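Below: the structure, in structure tokens.
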Amino acid sequence: MTPDELLRTELARAAAAIGAPEGTTAALERPRDPAHGDWASNLAMTLAKPLGKKPREIAEALVAKLDLAAAGVASTEIAGPGFINFRLAAGARAGGLADILAQGAAFGRSNVGQNERVNVEFVSANPTGPLHVGHGRQAALGDAISALLESAGYSVSREFYYNDAGVQIENLAKSFWVRVAQASGIEAAIPDGGYNGDYIKEIAERFLSESGTPPHPALLAGAEAIAAGERPADAGLFEAMRRFAVAALRAEQDLDLKAFGVQFDVYYLESSLYTDGRVDETVRMLKKAGHTFDEDGALWLRTTDFADDKDRVMRKRDGTYTYFVPDVAYHVTKWQRGFTRAINVQGSDHHGTTARVRAGLQALEIGVPKGYPGYVLHQMVTVMRGGEEVKISKRAGSYVTVRDLIDEVGRDAVRYFFLMRKGDSQLVFDVDLARSQSEENPVYYIQMAHARLSGIFRVGEIDTATITGDGVQWDALAEEAERDLVASLLDYPRLVAGAAEALEPHRVAVYLLETARQVHLWYHKHHVLGEPEAILRARLALAKAARQVLANGLNLLGISAPERM
RNA sequence: GCGCGAGUAGCUCAGCUGGAUAGAGCGUCGGCCUCCGGAGCCGAAGGUCGUGGGUUCGAAUCCCGCCUCGCGCACCA
């Protein structure tokens with residue numbers, strides 16, 4: 001147990017002893033002002049109302065009940081309106097470092113999740129083009145959220161949902177047909193709403209060389225049909241092209257993800273929901289539950305019964321389903337596959353769908369919880385280079401892809417930059433800063449801290465395996481910079497737990513930057529090698545512990561922790 | 001118009017789920033330093049937390065109104 005955990009338990013015990021109501025939580029925090037001690041609690045203030053006494057009286061009663069020695073507390077004081085301030089014994093303060101050294105990579109992990117199965121869905125791009133920066137933010141976020149949940153003891157499955165059915169894919173197939181026709185010498189134009197990026201040209205070339213050139217008349221007739229807003233008559237050829245294009249684009253996206261170091265456990269195909277009958281089954285169940293109605297020749301779901309702001313069409317007049325139905329069918333599978341918790345990471349431009357998906361699940365009346373699935377929505381990304389915004393233009397077929405970014409600034413920097421801001425604030429990606437090898441670059445700065453600490457052991461020719469907390473005189477860490485660094489390091493488990501609960505990886509990113517700053521500060525002020533034995537040993541332990549915490553945090557974000565740079 | 005998100009130092013952003021005198025980096029100004037690993041270190045200036053009310057011992061944080069910006073408001077995903 002770290003000192004604050006000990007203290008927390010003691011406080012809870014004391015609170016119960018003076019008759020605090022059940023469920024009273026003892027808030028314990030690190031005061032901003034060091035003069036207020038190492039830890040402070042507002043417990044007495046929160047108890048003032050239920051106990052009907054003055055906060056300061058309660059504080060005195062609490063202190064009298066505390067076993068200070070057990071919690072490693074040297075002194076207490078009651079301050080301000082009723083804060084209880086705790087000052088730890090010098091040894092107890094730094095003694096927590098022994099925990100870090102003993103737990104190693106496990107430091108910061110917990111078991112609050114109790115192996116609950118969580119499905120984290122992210123990226124889920126349509127296979128209609130390369131992954132762009134928005135997907136990149138999502139990939140970084142989804143992967144980090146997954147890692148956070150794993151570290152909190154959840155059993156996480158990372159999932160990618162391919163929307164490989166529906167109107168967009170139809171448009172892709174038509175655009176592809178046109179490109180194939182063009183490459184075969186036929187004059188044709190990409191239809192409205194189609195995809196005209198250069199990448200489709202390249203795939204069309206590949207199609208021709210791998211599958212041979214299709215019969216000229218069929219291609220021509222198909223192109224004319226597309227121009228008229230219809231499907232090509234040769235259904236077999238159209239289907240073959242659709243498959244080829246989708247497969248090629250999926251392969252491209254896989255390469256993007258691989259370059260980013262993101263691995264999914266499950267790729268779920270929307271098309272499979274049709275072929276295995278789940279879509280029809282979902283419609284049948286919704287009808288059976290009695291929340292559907294017919295109007296204007298379409299089949300509707302009365303989602304307004306379940307907190308949606310308007311009713312939604314399920315089956316269009318032309319007999320095809322809206323995307324909403326497979327979406328519901330898909331989330332039913334998540335529930336049925338045993339995920340009692342589901343989290344969808346999406347761009348905020350999708351937030352309109354959240355209410356209706358939940359409504360659809362409620363309308364089924366199969367016991368899915370109300371807030372299922374949970375959503376983490378993130379705002380847009382703008383890319384800056386040379387002080388100017390890089391415009392994203394799908395129309396011109398030139399937009400910033402994830403792979404462009406990774407090629408230019410490296411995987412670690414891309415990950416950090418996508419994670420350093422709160423998801424719900426807009427993010428400016430400064431390419432020049434991300435690629436700079438200076439301390440202004442936060443990634444470089446954090447990794448440098450890790451490398452510097454590693455350098456101490458390398459230069460001193462010290463095997464880190466020999467560094468443990470055994471027999472270390474912790475009160476040798478008496479400098480202010482050391483006290484601050486130690487406090488930050490011991491704060492790490494709480495920080496990670498909070499980030500996991502809130503699904504906010506940026507807290508880890510911000511923490512790492514601050515901790516790195518403290519490492520640099522300490523490193524510049526105080527030497528390790530060549531100091532007297534007691535100080536040397538304590539500082540080596542501190543260096544190793546700091547390095548461990550930095551590595552653990554970076555690992556959560558999917559960023560490497562280099563030993564030298 | 002409705003819904004969601006954002007608005008905090010000159011700039012970019014934190015603010016640990018309601019705590020004590022609101023923080024960091026960059027930039028600006030003043031002063032040191034050249035040491036295991038590369039310009040670092042110390043200090044200063046800089047704030048009506050968009051705005052007006054409310055809730056309470058206490059509000060950047062919770063509630064209501066208003067202003068500005070972004071996203072959405074399809075029988076597209």
Side-chain angles (χ1 to χ4, degrees), chain A residues 27 29-33 35-36 40-42 45-46 48-49 54-55 79-83 85 124-126 128 161 163 165-171 193 270 295-300 308-310 312-324 326-327 346-355 375 377-380 382 384 420-428 430 433 437-442 445 448 451-460 491 494-499 501-502 504 506-507 509-511 513-514 517 520-521 523-531 543 564-565:
Chain A
E29 50 186 35
R30 294 228 310 124
R32 267 193 260 281
D33 186 346
H36 294 144
S41 176
N42 64 352
M45 271 125 69
T46 61
K49 195 163 270 182
K54 288 180 187 167
F83 287 102
N85 294 338
S124 293
N126 296 354
T128 53
Y161 179 56
N163 294 110
V167 177
Q168 296 302 332
I169 296 299
E170 183 88 359
N171 289 340
E270 181 188 2
E295 195 176 293
D296 297 337
L299 178 66
W300 295 67
D308 198 3
D309 54 0
K310 57 177 91 162
R312 304 291 170 179
V313 170
M314 296 168 62
R315 194 168 54 216
K316 298 179 249 180
R317 278 182 227 119
D318 65 6
T320 61
Y321 293 112
T322 62
Y323 69 92
F324 158 67
D327 248 18
Q346 298 183 340
S348 63
D349 53 342
H350 281 73
H351 94 264
T353 66
T354 64
Y375 285 89
L377 301 179
H378 65 85
Q379 298 283 326
M380 307 282 103
T382 43
M384 301 285 284
M420 68 186 187
R421 303 283 182 244
K422 260 192 312 214
D424 48 15
S425 53
Q426 294 179 33
L427 186 144
V428 177
D430 183 337
L433 179 60
Q437 299 282 298
S438 77
E439 305 201 350
E440 288 174 28
N441 182 346
Y445 189 71
M448 184 67 177
R452 271 184 163 160
L453 294 170
S454 302
I456 294 173
F457 296 103
R458 188 168 54 247
V459 171
D491 206 27
R494 221 161 56 91
L495 180 281
V496 172
E501 193 193 336
E504 290 183 348
H506 80 276
R507 295 191 193 183
V510 171
Y511 168 86
L513 189 58
E514 173 60 21
R517 207 176 65 85
H520 288 301
L521 219 85
Y523 181 89
H524 276 288
K525 276 188 164 172
H526 309 293
H527 273 233
V528 177
L529 302 176
E531 293 294 310
R564 57 199 316 165
M565 295 176 72

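Just so it is clear: chains get the letters A, B, ... in the order the sequence lines come, proteins before strands, and each one is counted from 1. Everything numeric here is computed off the predicted structure, so don't read it as measured data.
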Legend entry - Out of B:C75, B:G37, B:C26, whichever nucleotide has its closest atom nearest the side chain of A:E440: B:C26
Inset, instruction - Give A:D296 one of three labels, base, sugar-phosphate or nothing, depending on what nucleic acid heavy atoms sit under 4.0 Å from its own. - result: base
Inset, instruction - Scan A:H526 against the nucleic acid and name what it touches under 4.0 Å (heavy atoms): base, sugar-phosphate only, or nothing. - result: base
Inset, instruction - Please list every stem that involves RNA chain B, where a stem is a run of 3 or more consecutive Watson-Crick or G-U wobble pairs with both pairing distances under 3.5 Å. - result: B:1-7 with B:67-73, B:10-13 with B:23-26, B:28-32 with B:40-44, B:50-54 with B:62-66
Inset, instruction - Write down the atom of A:A451, the atom of A:R564, and the distance for their closest heavy-atom approach. - result: CB-CA, 4.0 Å
Inset, instruction - Please check the phosphate of B:G3 (OP1 and OP2 only) for any side-chain N or O of A:K310 closer than 4.0 Å. - result: no
Inset, instruction - Hey, could you give me the CG/CE distance between A:L427 and A:M380, rounded to the nearest 0.5 Å? - result: 11.0 Å
Inset, instruction - Answer yes or no: is there a donor N or O on one side and an acceptor on the other, between the side chain of A:W300 and the main chain of A:M314, under 3.5 Å? - result: no
Legend entry - Donor-acceptor pair under 3.5 Å, A:R458 side chain vs B:G37 base: yes
Legend entry - Polar side-chain contact A:H351-B:G3 base: donor and acceptor under 3.5 Å: yes
Inset, instruction - For A:D309, answer base if it contacts any base atom (sugar-phosphate contacts may also be present), sugar-phosphate if it contacts only those atoms, and nothing otherwise; contact means non-hydrogen atoms under 4.0 Å. - result: nothing
Atom pairs, protein N/O to nucleotides 39-46 of chain B N/O, distance under 3.5 Å:
from: B:G40; atom 1: O2'; to: A:H524; atom 2: ND1; distance (Å): 3.3

Inset, instruction - Figure out the CG/C1' separation between A:D430 and B:G27, and round it to whole Å. - result: 15 Å
Legend entry - Between CE on residue A:M448 and OH on residue A:Y523, distance to nearest 0.5 Å: 7.5 Å
Legend entry - Rounded distance in Å - OH (A:Y321) to P (B:C76): 14 Å
Legend entry - Sugar-phosphate, base or nothing in reach of A:A499, heavy atoms under 4.0 Å: nothing
Inset, instruction - May I ask you to check whether over 12 heavy atoms, not counting those of A:K316, lie within 6.0 Å of atom NZ? - result: yes
Inset, instruction - Would you kindly give the OH-to-P distance between A:Y511 and B:A24, to the nearest whole Å? - result: 18 Å
Inset, instruction - Answer yes or no: is there a side-chain heavy-atom contact under 4.5 Å between A:M420 and A:P442? - result: yes
Inset, instruction - Could you tell me whether the side chain of A:Q168 has a donor or acceptor atom within less than 3.5 Å of a complementary atom in the base of B:C76? - result: yes
Inset, instruction - Kindly state whether the ring of A:Y445 and the ring of A:H520 have centres lying under 6.0 angstrom apart. - result: yes
Inset, instruction - Check for a donor-acceptor pair, side chain of A:N126 on one end and backbone N or O of A:T128 on the other, with a separation under 3.5 Å. - result: no
Inset, instruction - Before accepting this row, confirm whether a basic side-chain N of the pair A:R312/A:D309 lies closer than 4.0 Å to the acidic partner's carboxylate O. - result: yes
Inset, instruction - Look at all strands and tell whether A:M448 reaches a base, only sugar-phosphate, or nothing, counting heavy atoms closer than 4.0 Å. - result: base
Inset, instruction - Taking syn as within 90° of 0 and anti otherwise, name the glycosidic form of B:U17. - result: syn
Legend entry - Under 4.0 Å protein heavy-atom contact, by nucleotide of nucleotides 12-21 of chain B - B base, S sugar-phosphate only: SSSSBB-BBB
Inset, instruction - State whether the side chain of A:D430 and the backbone N or O of A:L433 hold a donor-acceptor pair below 3.5 Å, judged by distance alone. - result: yes
Legend entry - A:T322 side-chain N/O to A:V313 backbone N/O, donor-acceptor pair under 3.5 Å: yes
Inset, instruction - Using the C1' atom as the reference point in each nucleotide, state the distance between B:U28 and B:U34 in Å, no decimals. - result: 25 Å
Inset, instruction - Heavy atoms only: give me the nearest A:L529-A:I456 pair and the separation to one decimal. - result: CD1-O, 3.7 Å
Inset, instruction - Identify whether any heavy atom of A:L495 sits under 4.0 Å from a base atom; if not, whether one sits that close to sugar-phosphate; answer base, sugar-phosphate or nothing. - result: nothing
Legend entry - Taking every non-hydrogen atom, the tightest pair across A:E270 and A:P326: OE2-CG, 3.4 Å
Inset, instruction - Give A:R317 one of three labels, base, sugar-phosphate or nothing, depending on what nucleic acid heavy atoms sit under 4.0 Å from its own. - result: base
Inset, instruction - Determine the Euclidean distance between corresponding P atoms of B:A6 and B:C62; express it in Å to zero decimal places. - result: 9 Å
